[in-house]
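Owing to the predicted nature of the structure, the values given are computational and were not obtained by experimental measurement. Each chain gets a letter, A, B and so on, in the order its sequence line appears, and its residues count up from 1.
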Amino acid sequence: MVARALLGKVLLRRLPEGLAAVRITEVEAYLGVGDAAAHTFGGRRTARNETMWGEAGRLYVYFTYGMHHCANVTTRAPGQPEAVLLRGGVVVAGAEMVRARRRRSAGSRLLDGPAKLCQGLGIDRTLDGADVTVPGEVWLADDGAVVPRNRICARVRVGVAYAGAAAAWPLRFVLDLEP
DNA sequence: TCTAGGATCGGCT
DNA sequence: GCCGATCCTAGAT
């Protein structure tokens, strides 16, 4: 599954102040038209989620709760609107920049939620549709870090209680970095 | 055009 | 641990 493969990868972001890098430690999979928790459930296709329906390896950024952005990476061919929500990570480079953008809270809670990730890296709707497979404004890289399978935990997704049975699917993957 | 609700966060008890 | 903020989006009228 692509969601597991994304754990341990490094998300790079080119900011006016410099380059920031985050190792991804928490993701959630959204399985397209058959997933009641996904924006594309039942084949919904709108201006907002158009990116979901396109090429794999693109950034899908959406706005929610009136104040938060969340970032996904699409994983399938056009016509298969599946994506992985980036829920959290740890800063591996450019920590000063990220902390400056997340002034209110810091420490281990710097990037422990999808909206915080976007805020810390300056990701918003202008980056929707960006190609993350090649270096640019924002992209994904593999620095060769080994991710032991026994450090990956599958959990129930968060914040999708409205989705009925789909809410109980174990599609949230957490990389346990603690000893 | 109108209205309801949300893939959340942070402050307060 | 619980609750309120806040505004965009989508579906209904």
Side-chain angles (χ1 to χ4, degrees), chain A residues 1-7 9 11 13 20 22-76 80-91 95 97-130 132 138 140 152-175:
Chain A
M1 181 173 285
V2 181
R4 276 197 195 83
L6 279 174
L7 287 175
K9 290 285 190 297
L11 180 69
R13 169 73 170 118
V22 170
R23 188 177 308 283
I24 297 168
T25 57
E26 186 173 346
V27 298
E28 270 179 23
Y30 285 86
L31 303 183
V33 298
D35 184 351
H39 289 163
T40 50
F41 176 60
R44 279 203 306 272
R45 182 169 188 165
T46 64
R48 175 172 70 149
N49 66 29
E50 186 64 27
T51 302
M52 291 273 284
W53 292 88
E55 297 283 329
R58 298 302 170 92
L59 204 64
Y60 168 46
V61 182
Y62 68 91
F63 193 76
T64 191
Y65 290 100
M67 57 192 101
H68 298 301
H69 291 281
C70 298
N72 302 245
V73 176
T74 58
T75 58
R76 302 295 292 269
Q80 298 179 68
E82 300 187 15
V84 175
L85 170 67
L86 306 178
R87 287 197 61 89
V90 292
V91 179
M97 290 179 289
V98 175
R99 205 167 296 134
R101 287 169 182 273
R102 299 261 318 119
R103 191 167 304 184
R104 295 186 177 216
S105 62
S108 60
R109 293 190 174 185
L110 193 60
L111 295 174
D112 66 346
K116 296 179 184 179
L117 195 76
C118 288
Q119 189 187 4
L121 293 179
I123 295 173
D124 60 24
R125 290 280 296 164
T126 64
L127 288 173
D128 186 43
V132 298
V138 57
L140 284 167
I152 297 178
C153 311
R155 307 248 180 97
V156 170
R157 288 182 293 185
V158 177
V160 294
Y162 62 87
W169 296 349
L171 294 177
R172 176 185 177 200
F173 301 99
V174 179
L175 178 61

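Going from atom CE of A:Met67 over to atom C1' of C:dT9 covers 15 Å, rounded to whole Å. As rounded to whole Å, 13 Å separates atom P of C:dA10 from atom OH of A:Tyr162. When rounded to the nearest whole Å, the span between CZ of A:Arg172 and C1' of B:dA7 equals 12 Å. One interatomic measurement links the two molecules: CG of A:Asn49 to P of B:dG6, which rounds to 17 Å at whole-angstrom precision. Going from atom CG of A:Asp128 over to atom P of C:dT9 covers 10 Å, rounded to whole Å. Per the geometry, CZ belonging to A:Phe41 stands 16 Å off C1' belonging to C:dA10, to the nearest Å. A:Glu26 has its CD atom 13 Å from the C1' atom of B:dT8, to the nearest Å. Atom NE2 in A:His39 sits roughly 9 Å away from atom C1' in C:dT9 (whole-Å rounding).
Of the candidate nucleotides B:dG10, C:dA10, B:dA7, B:dG10 has the atom nearest to the side chain of A:Lys116. Closest to the side chain of A:Leu85, from the set B:dA7, C:dC8, B:dC9, is B:dA7. Comparing C:dT9, B:dA7, B:dC9 by their closest approach to the side chain of A:Arg48 singles out C:dT9.
At a cut-off of 3.5 angstrom, the base of B:dA7 holds at least one donor-acceptor pair with the side chain of A:Tyr62.
A sub-4.0 Å separation between OP1 or OP2 of C:dG11 and a side-chain N or O of A:Arg44 is present. A close approach under 4.0 Å does not occur between any side-chain nitrogen or oxygen of A:Arg102 and OP1 or OP2 of B:dC9. OP1 or OP2 of C:dA10 sits under 4.0 Å from a side-chain N or O of A:Thr46.
The only option from A:Asp112, A:Val90, A:Val174 that meets the side chain to side chain contact (heavy atoms under 4.5 Å, CB included) definition with A:Thr25 turns out to be A:Val90.
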A:Tyr30 and A:Val160: CA distance, side-chain angles, deciding distance, side-chain contact (heavy atoms from CB on, under 4.5 Å) verdict: CA-CA 11 Å; A:Tyr30 285 86; A:Val160 294; 3.7 Å; yes
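Atoms CG and CD, from A:Asp128 and A:Glu50 in turn, are 10.0 Å apart once rounded to the nearest 0.5 Å.
Ranked by how close their nearest DNA chain C nucleotide is to the 5' end, A:His68 and A:Arg125 are led by A:His68.
Looking at A:Arg76, its side chain never comes within 3.5 Å of a backbone N or O of A:Glu82 through a donor-acceptor pair.
Ion pairing between a basic and an acidic side chain is recognised when a charged N comes within 4.0 Å of a carboxylate O; A:Glu28 and A:Arg157 show no such pairing.
Here A:Tyr65 does not pack flat against the base of C:dA5, since the 5.5 angstrom centre distance and 30 degree tilt limits are not both met.
At a threshold of 4.0 angstrom between heavy atoms, the contacts of A:Ala37 include nucleobase atoms, whether or not backbone atoms are also involved.
Partner assigned to B:dG11 is C:dC2, using Watson-Crick or G-U wobble distances below 3.5 angstrom.
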